[in-house]
Structure formats: structure tokens, C-alpha cells
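First the structure, in the form of C-alpha cells, and then the observations on it.
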There are 2 protein chains.
Amino acid sequence: MHISTASKISGLPVKTVRYYADIGLVSAPCRSEAGYRIYDDAAVRKLAFVRRARQFGFSIDECRELIGLYEDQRRSSADVKRIATNRLAEIARKQLELKSLHDELEHLVNACKGDHRPDCPIIDSLGNRQNPIESDPAP
Amino acid sequence: MHISTASKISGLPVKTVRYYADIGLVSAPCRSEAGYRIYDDAAVRKLAFVRRARQFGFSIDECRELIGLYEDQRRSSADVKRIATNRLAEIARKQLELKSLHDELEHLVNACKGDHRPDCPIIDSLGNRQNPIESDPAP
DNA sequence: TCTTGACCTTACAGTTGCTGGAAGAATTAA
DNA sequence: TTAATTCTTCCAGCAACTGTAAGGTCAAGA
């Protein structure tokens, strides 16, 4: 099948399919005489695999590693679990970060009257906070 | 003060301070005879303001808007609240996204034995289904 | 047969928000 | 005076694509 079909089935944009071939992540198994990329079911499955992994936030390099394991019938599940567990920890870290961000900003938004007057705790907080290095503001 | 001092006080790397000047976000008020950027307290406060806003995840364009409001003594707090509320909604959206990602991946990691054998629910899930969120079995 | 139009190719530029490095001028310390 | 530091500009590169230009291929219709 041509690249547009592979694109539709895998759920990836044509541009991205071509990009993944360029960087050697998932290549078309062969070319037509005119130079068109020809994909088969196995390649399309790999593309969809990568799409899913990317949705999970795995980096391209991690996808490379996962594709390797995906293709390796002798892999141990421990190898896969290790990568996924790292990813899980990273997601949890980001969740914490977002939560504190959210709480702080929500506090500011709630404190702001949101009227026509210039007094605004949000601006005040952004402007008046002390920086982390020199905590001695100018007089 | 020179750029390195402004950098230390504002908490931004020198490179970033120069970058913010290049893109017209926060410029040095003047230059020395030798062409060095000379910063004053007001400019440094703006740099620190942007640093805080960036920590909150405001984009450079949003920072531009916020700096405009920061400098405008006649702004209404409603203008600021609108931007911050949008940002808050965006953060909440990302939190939800991360949560479903986390739950799903955690489920897979728990289901994986992590031993020397090749059977791995993580790989299976990435490869064998169109979409594990809507657990539609393949036809 | 010619032409239209959909589809394919490569190559390069742009996105965001910086960061690193090179080459050279200015300042400061020893 | 010399060496080290700090400053300047400009160019390249990061991730992971996306957009655009210029052109080749292929099937179908007038």
C-alpha cells in the first residue's frame, strides 16, 4: 500500500510517517519503481505501535527501544517493564508539578476581583515575588 | 548594571536575558559606549516577572500580554484574570490527560510480571489494539 | 493524445523557547 | 603588561514534527 493508506490505517499524518522513515524509526519495507514508499501490514502495525507509545509520552528514543523489544521474540518482559516504570514515574512527577502550579494559580485567580479596576493580585504576585538567588530586593 | 548582574538578580540565565531582548520581550533600557547592555531595577523586575510567569506555564506571547498589563497603570484586573483563567483551564486539562495516561500505564505495568519470559501485556497492549481506552476488540 | 488532478517524491524552512559555541572587542585583576 | 573574564553578534542545534515549494507519477476523462 502507498503512504496515504498506511497513514490512514496507522492514524499518523503522512508527514509523520515519512518523518519516522527519515529518522529510521519505522521504514517502508520497499519502494515502487517510481520511488513510492510501499508499506505492508507489519510496517503499519509498527507505525500504530509508535503512535500509541507516543500518546503515552514515550520519547522517540524510547520508542526506538520499544520497537526493538516489540520485534524481539526473545525479549524479557522485565526489559519492557523497566522502561514503562520509568515513564510512569515521570508522569507522576509531572502530575505533582502541575498540581502545585494549579493550586497556586487558582489561589491567585480567586483572589482577583476581575473588575474594571487596576488592582490585581495576579500581577502583584508575579511582580513582587522575590527571586531565588538574591533575596534582597532594591530599596 | 551589566547583563550578568541582571541575570543573577532576575534568576534568568544570561543567554535567556539576551534572548528576551532579541525578541523584544524585555529590552535593556540603554547601552554603554562599548555596546554593553545596561539594565536598571525596573528592567530586572520585568525579567523576574517573566521568569515567574514562565514558571506558571504562560507562553512567551502571553508573557508579552502580561508585561503590557503589568506596565499599564490603567489596566483592569479583569484583563489579567481572563488570561490567568485560560491558563488555569489549560492546566486542568493537562492534569486530566496525565491522570488517564497514568492510570492506564499503571494498569499495564501492574499486569506485567517483569520476568525473563517474553510475555508482556505492555507490548501486547501497545501493539495489538487500535485503542486501549475504548477497548474495542479487533474484528 | 492531452490534460486535469490526486498523489507521490525530496529538500528546505519554520515552529517553541531557549542553549551552546565561535570569533572578536572591552574591561578588570594580578 | 598580560591574562582572565565579560561582553558582543551570529550561527547551529535540541524535539518532534509541520508547512511549503518544486517537481515526478499515474489513472481517468474530453
Side-chain angles (χ1 to χ4, degrees), chain A residues 1-40 43-44 46-67 87 90-91 94 97 101, chain B residues 1-40 43-44 46-67 87 90-91 94 97 101:
Chain A
M1 67 189 84
H2 285 172
I3 197 170
S4 61
T5 310
S7 156
K8 281 190 193 86
I9 300 179
S10 68
L12 287 169
V14 170
K15 267 283 184 188
T16 304
V17 176
R18 226 176 259 131
Y19 173 70
Y20 286 168
D22 285 351
I23 63 172
L25 181 57
V26 179
S27 304
C30 63
R31 297 275 185 137
S32 74
E33 284 198 10
Y36 288 14
R37 289 176 183 81
I38 304 294
Y39 286 86
D40 58 10
V44 168
K46 280 189 233 170
L47 286 171
F49 177 96
V50 170
R51 183 177 63 82
R52 292 265 310 137
R54 292 285 301 133
Q55 280 177 353
F56 275 109
F58 289 98
S59 72
I60 292 290
D61 271 358
E62 282 169 326
C63 287
R64 231 181 266 278
E65 206 174 346
L66 285 170
I67 278 277
R87 184 89 269 279
E90 181 66 15
I91 292 175
K94 274 193 190 153
E97 206 177 292
L101 215 58
Chain B
M1 67 189 85
H2 285 170
I3 197 169
S4 60
T5 310
S7 157
K8 280 187 194 90
I9 300 179
S10 68
L12 288 168
V14 169
K15 271 282 189 187
T16 304
V17 175
R18 225 176 259 131
Y19 172 71
Y20 286 169
D22 284 351
I23 63 172
L25 182 57
V26 179
S27 304
C30 63
R31 297 276 185 136
S32 75
E33 283 198 13
Y36 288 14
R37 290 176 183 81
I38 303 293
Y39 286 86
D40 59 9
V44 168
K46 280 189 234 171
L47 286 171
F49 177 96
V50 170
R51 185 177 62 80
R52 293 264 311 142
R54 292 286 301 136
Q55 280 177 351
F56 273 109
F58 290 97
S59 72
I60 292 291
D61 271 357
E62 284 169 327
C63 287
R64 230 181 266 277
E65 207 174 346
L66 286 170
I67 279 279
R87 183 89 268 281
E90 181 65 16
I91 291 175
K94 274 194 191 152
E97 206 177 292
L101 216 58

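Below, chains carry the letters A, B, ... as their sequence lines are ordered, and counting in each starts from 1. Reckoned from all heavy atoms, side chains included, excluding hydrogens, waters and symmetry mates.
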*Is there a donor on the side chain of B/Lys15 or the base of C/dG17 sitting less than 3.5 Å from an acceptor on the other?*
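Looking at the base of C/dG17, it does not pair with any donor or acceptor on the side chain of B/Lys15 (distance under 3.5 Å).
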In whole Å, I'd like the distance from the [atom1] atom of [X] to the [atom2] atom of [N].
X: A/Leu47; N: D/dC17; atom1: CG; atom2: P; result: 12 Å
X: B/Arg51; N: C/dC18; atom1: CZ; atom2: P; result: 12 Å
X: A/Tyr19; N: C/dT15; atom1: OH; atom2: C1'; result: 13 Å
X: A/Lys8; N: C/dC8; atom1: NZ; atom2: C1'; result: 13 Å
X: B/Ile38; N: C/dT27; atom1: CD1; atom2: P; result: 10 Å
X: A/His2; N: D/dG24; atom1: NE2; atom2: P; result: 18 Å
X: A/Phe58; N: D/dC17; atom1: CZ; atom2: C1'; result: 20 Å

*Taking the nucleotide of DNA chain D with the closest heavy atom to each, which residue, B/Asp22 or A/Pro13, is nearer the 5' end?*
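The 5'-side residue here is B/Asp22.
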*Looking only at non-hydrogen atoms, find the nearest pair between B/Ala28 and B/Arg37 and report the distance.*
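Heavy atoms only, the tightest pair is CB-CB, 3.7 Å.
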*asked:* On a heavy-atom basis, which atom in A/Met1 and which in A/Asp40 lie closest, and how many Å separate them?
replied: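 Nearest heavy atoms, A/Met1 then A/Asp40: CE-C, 4.1 Å.
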*Kindly indicate whether the side chain of A/Glu90, heavy atoms from C-beta on, has any atom under 4.5 Å from the side chain of A/Phe58.*
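Not in contact.
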*asked:* Counting C-beta onward and ignoring hydrogens, is there a side-chain heavy-atom pair between A/Leu25 and A/Lys46 closer than 4.5 Å?
replied: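 In short, these two side chains do not touch, never coming nearer than 4.5 Å.
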So, is [X] near the phosphate of [N], with a side-chain N or O under 4.0 Å from OP1 or OP2?
X: A/Arg54; N: D/dA15; result: no
X: A/Arg18; N: C/dT9; result: yes
X: A/Arg37; N: C/dC8; result: no
X: B/Ser4; N: D/dC7; result: yes
X: B/Tyr20; N: C/dC18; result: yes

*Contact list for DNA chain C against residues 26-36 of chain A - heavy-atom distance below 4.0 Å*: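 By residue number: A/Arg31, A/Gly35, A/Tyr36.
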*Would you find a donor on one side and an acceptor on the other, under 3.5 Å apart, between the side chain of B/Glu62 and the backbone of B/Ser59?*
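It does hold such a pair.
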*Taking only residues two or more places apart in sequence or in another chain, which ones pass ring pair (Phe, Tyr, Trp, His ring centres under 6.0 Å) with B/Tyr36?*
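For B/Tyr36 the ring pair (Phe, Tyr, Trp, His ring centres under 6.0 Å) partners, ignoring immediate neighbours, are B/His2.
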_Using the side-chain heavy atoms of B/Thr16, tell me which of these nucleotides is nearest: D/dC17, C/dT9, C/dC18._
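So the side chain of B/Thr16 is nearest to C/dC18.
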*Counting side-chain heavy atoms from CB outward, which of C/dC18, D/dA16, D/dC7 is closest to B/Ile3?*
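In terms of side-chain proximity for B/Ile3, the closest of C/dC18, D/dA16, D/dC7 is D/dC7.
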_side chain to side chain contact (heavy atoms under 4.5 Å, CB included) partner of A/Ser7, chosen from A/Leu47, A/Leu12, A/Val14_ =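 Considering A/Leu47, A/Leu12, A/Val14, a side chain to side chain contact (heavy atoms under 4.5 Å, CB included) with A/Ser7 is found only for A/Val14.
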